[in-house]
Amino acid sequence: MDWSCFGAFQSCKNNRETQVQELATNNVRLFSYNSLRSATGHFHPSNKIGGGGFGVVYKGVLRDGSRVAIKCLSAESKQGTKELLTEINIISDTRHPNLVQLIGCCVESGNRMLIYEYLENNSLACALLGSKGKRVALDWPKRVAICLGTASGLAFLHEEATPPIVHRDIKASNVLIDENLQPKIGDFGLAKLFPENVTHLSTQVAGTVGYLAPEYALFGQLTKKADVYSFGVLLLEIISGRSSSKAAFGVDLLILVEWVWKLREEGRLLDIVDPELIEYSEAELLRFIKVALFCTQAAPTQRPNMKQVIEMLSKEVNLNEKLLTEPGVYRPHSSKRSSYSSLQKSSSRDKKGVQSVNPFATSTKFESFQSVTQMLPR
């Protein structure tokens with residue numbers, strides 16, 4: 001019996017490796033382990049440029065002189081091969097200036113690797129939120145460009161990719177910055193494909209605490225609006241220069257979205273602005289903060305889609321703040337009742353007839369938000 005189980009395990013493992021090799025042959029370049037070991041100087045620690053739950057990322061130089069980023073999936077990761085298949089399948093045919101380009105992969109002798117274009121300035125987390133020695137000088141115009149570029153990449157995934165793609169892990173460490181300080185969304189290991197006729201998926205929760213939309217974190221209710229929520233948190237990080245993972249804002253030790261909402265109620269929104277920002281348009285910066293608050297509202301039906309977000313960020317529009325509702329907040333160590341309280345308030349407001357709203361004062365130019373309460377087709 002034990003041998004039979006082992007054989008089934010080996011068969012499953014071999015099938016997945018075959019799938020990876022087939023995908024690589026059809027869509028991306030297949031690299032040998034030795035060529036990647038040589039490119040990274042035998043995976044020397046000095047070439048390590050990042051890491052996460054699924055492994056380590058190294059900088060490498062291929063034989064033709066081109067620089068690449070090599071993501072090595074951890075051998076201990078139970079989901080490693082699944083994540084690899086997902087990432088290859090989703091982004092091998094997806095091309096956009098604000099998405100990281102997958103160059104190839106390696107599946108050899110238990111090694112599983114993804115090879116990407118190399119981006120000089122690492123991640124936004126490193127450039128903006130990292131230690132002072134690794135930070136990149138980002139003035140307000142550069143931050144605006146990063147916000148708009150990231151929004152553009154996300155809008156492409158949601159609205160133009162076929163089928164649409166929900167990233168599920170939008171955060172500062174998954175937004176990479178090239179030599180021209182242009183952003184590119186990376187790490188599609190958790191991404192989900194959304195069939196055209198589906199607006200709602202029930203799925204196992206994955207992502208990063210601090211960026212998780214409450215309806216998704218608590219109940220596994222996944223829509224494109226979960227990415228919109230994460231993007232709203234990212235906007236606040238870019239504006240404030242502070243990480244959402246540090247739950248210690250203000251005297252009440254609030255999380256980032258709570259703190260910003262409190263400052264709004266007190267008429268002190270500009271208090272969140274990164275002290276390193278010296279010159280900026282106050283009106284534009286305030287608009288960006290308010291857009292972030294629209295994105296992080298508790299009820300997903302109240303949030304804009306990413307195309308609307310781009311309009312709100314790139315044009316001087318009058319936002320109807322009367323429609324702005326309290327942010328949703330997820331606390332992993334508290335009860336569902338307390339975490340979900342603000343979401344329940346917004347849901348009850350929806351039941352009274354406000355199922356979709358338009359944050360723009362001039363509604364004739366923009367479509368109202370699409371309801372995402374439709375269930376999966378049977």
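Note: hydrogens, waters and symmetry copies are ignored here, and every other heavy atom, side chains too, is used.
For the pair R242 and E237, the salt-bridge criterion is not met [side-chain N within less than 4.0 Å of a carboxylate O]. Under 4.0 Å is where a charged nitrogen must lie from a carboxylate oxygen, and between E215 and K225 no such pair does. Salt bridge annotation for R67-E117: absent, with no cationic side-chain nitrogen under 4.0 angstrom from a carboxylate oxygen. Taking 4.0 Å as the cut-off between side-chain N and carboxylate O, K262 and E266 count as a salt-bridged pair.
The two residues C295 and V309 come nearest to each other via the heavy atoms SG-CG2, 3.7 Å. Minimum heavy-atom separation, L193 to P163: CB-CG, 4.0 Å. Between V257 and P327 the shortest heavy-atom distance is O-CG, 3.9 Å. Between L256 and S240, the closest heavy-atom pair is CD1-OG, 4.3 Å. Of all non-hydrogen atoms in L277 and L138, the two that sit nearest each other are CD2-O, 3.8 Å. Minimum heavy-atom separation, A292 to L236: CB-CD2, 3.5 Å.
A continuous path of ILVMFWY side-chain contacts below 4.5 Å connects V260 to L254, so both sit in one hydrophobic cluster. Residue V317 is grouped with residue I239 when hydrophobic side chains (ILVMFWY) are merged at heavy-atom distances under 4.5 angstrom, including chains of intermediate members. Both L319 and V228 sit in one connected hydrophobic cluster of ILVMFWY residues. Membership requires side-chain heavy atoms under 4.5 Å apart, directly or through other members. The same ILVMFWY cluster, assembled from side-chain heavy atoms under 4.5 Å apart, contains both L234 and L148. M113 and V57 fall into different hydrophobic clusters, where Ile, Leu, Val, Met, Phe, Trp and Tyr are joined by side-chain heavy atoms under 4.5 Å apart, directly or via other members.
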Q | Derivation and outcome, side-chain contact (heavy atoms from CB on, under 4.5 Å), residues E276 and R135 | A | CA-CA 12 Å; E276 294 188 11; R135 288 185 193 176; 3.3 Å; yes
(Q) Walk me through whether L154 and F231 qualify under side-chain contact (heavy atoms from CB on, under 4.5 Å). (A) CA-CA 9 Å; L154 199 49; F231 178 78; 4.0 Å; yes
Q: Dump the intermediate steps for side-chain contact (heavy atoms from CB on, under 4.5 Å) on L102 and I115, then the final yes or no.
A: CA-CA 6 Å; L102 177 66; I115 297 85; 5.8 Å; no
**Q.** Pair K224-D227, salt bridge (Lys or Arg N to Asp or Glu O under 4.0 Å): steps then yes or no
**A.** CA-CA 6 Å; K224 297 173 185 176; D227 277 353; over 6 Å; no
Q) Going through the checks in order, is the side-chain contact (heavy atoms from CB on, under 4.5 Å) test met by N174 and I185? A) CA-CA 6 Å; N174 284 340; I185 298 171; 5.6 Å; no
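Counting heavy atoms from C-beta outward, Y118 and V100 have side chains that stay 4.5 Å or more apart. Between I272 and W259 there is a side-chain heavy-atom pair separated by less than 4.5 Å. Contact annotation: the side chain of F188 approaches that of L99 to within less than 4.5 Å [non-hydrogen atoms, C-beta and beyond]. Using a 4.5 Å heavy-atom threshold, the side chains of K59 and V68 count as separate. Looking only at side-chain heavy atoms (C-beta outward), C72 and Y58 come within less than 4.5 Å of each other. Contact annotation: the side chain of I278 never approaches that of W140 to less than 4.5 Å [non-hydrogen atoms, C-beta and beyond]. Residues L218 and Y330 meet the side-chain proximity criterion, which asks for heavy atoms closer than 4.5 Å.
Between the side chain of R287 and the main chain of E282, no donor-acceptor pair closer than 3.5 Å is present. Under a 3.5 Å cut-off, the side chain of Q302 and the backbone N or O of Q297 do not form any donor-acceptor pair. Not one N or O on the side chain of Y280 forms a donor-acceptor pair closer than 3.5 Å with the backbone of P141. Checking side-chain atoms of N98 against main-chain N and O of S152 turns up no donor-acceptor pair under 3.5 Å. Although no hydrogens or angles enter the test, the distance criterion places a donor-acceptor pair under 3.5 Å between the side chain of H167 and the main chain of D187. No donor-acceptor pair closer than 3.5 Å links the side chain of T296 to the backbone N or O of G232. Under a 3.5 Å cut-off, the side chain of N180 and the backbone N or O of Q182 do not form any donor-acceptor pair. Looking only at distances, no side-chain donor or acceptor of E159 sits under 3.5 Å from a matching main-chain atom of F156.
Ring centroid separation for the pair F43 and Y33 comes in under the 6.0 Å cut-off.
Atoms CZ and CD1, on F294 and I289 in that order, are 13.5 Å from each other to the nearest 0.5 Å. How far CG of L176 is from CD of E120: 11.0 Å, rounded to the nearest 0.5 Å. The distance from the CD atom of E284 to the OG atom of S314 is 10.0 Å, given to the nearest 0.5 Å. For the atom pair NE2 (H42) and CG (L36), the distance works out to 12.5 Å, reported to the nearest 0.5 Å. Taken from CZ in F288 to OG in S281, the straight-line distance is 9.5 Å, to the nearest 0.5 Å. Taken to the nearest 0.5 Å, the CG atom of L157 stands 7.0 Å off from the OG1 atom of T94.
Under a cutoff of 6.0 Å and an axis angle of 45°, R264 and W261 form a cation-pi pair.
For the residue pair T208 / D169, a side-chain donor-acceptor distance below 3.5 Å is found, with atom types taken as modelled. Side-chain contact, D64 with S66: a donor N or O sits under 3.5 Å from an acceptor N or O. Side-chain polar atoms of Y216 and R168 form a donor-acceptor pair below 3.5 angstrom. For the residue pair S35/S32, the side-chain donor-acceptor check at 3.5 Å is satisfied.
Among the candidates L129, I146, V144, the single residue satisfying the side chain to side chain contact (heavy atoms under 4.5 Å, CB included) test with I238 is I146.
More than 12 non-hydrogen atoms from other residues, nucleotides or ligands lie less than 6.0 angstrom from CD of E265.
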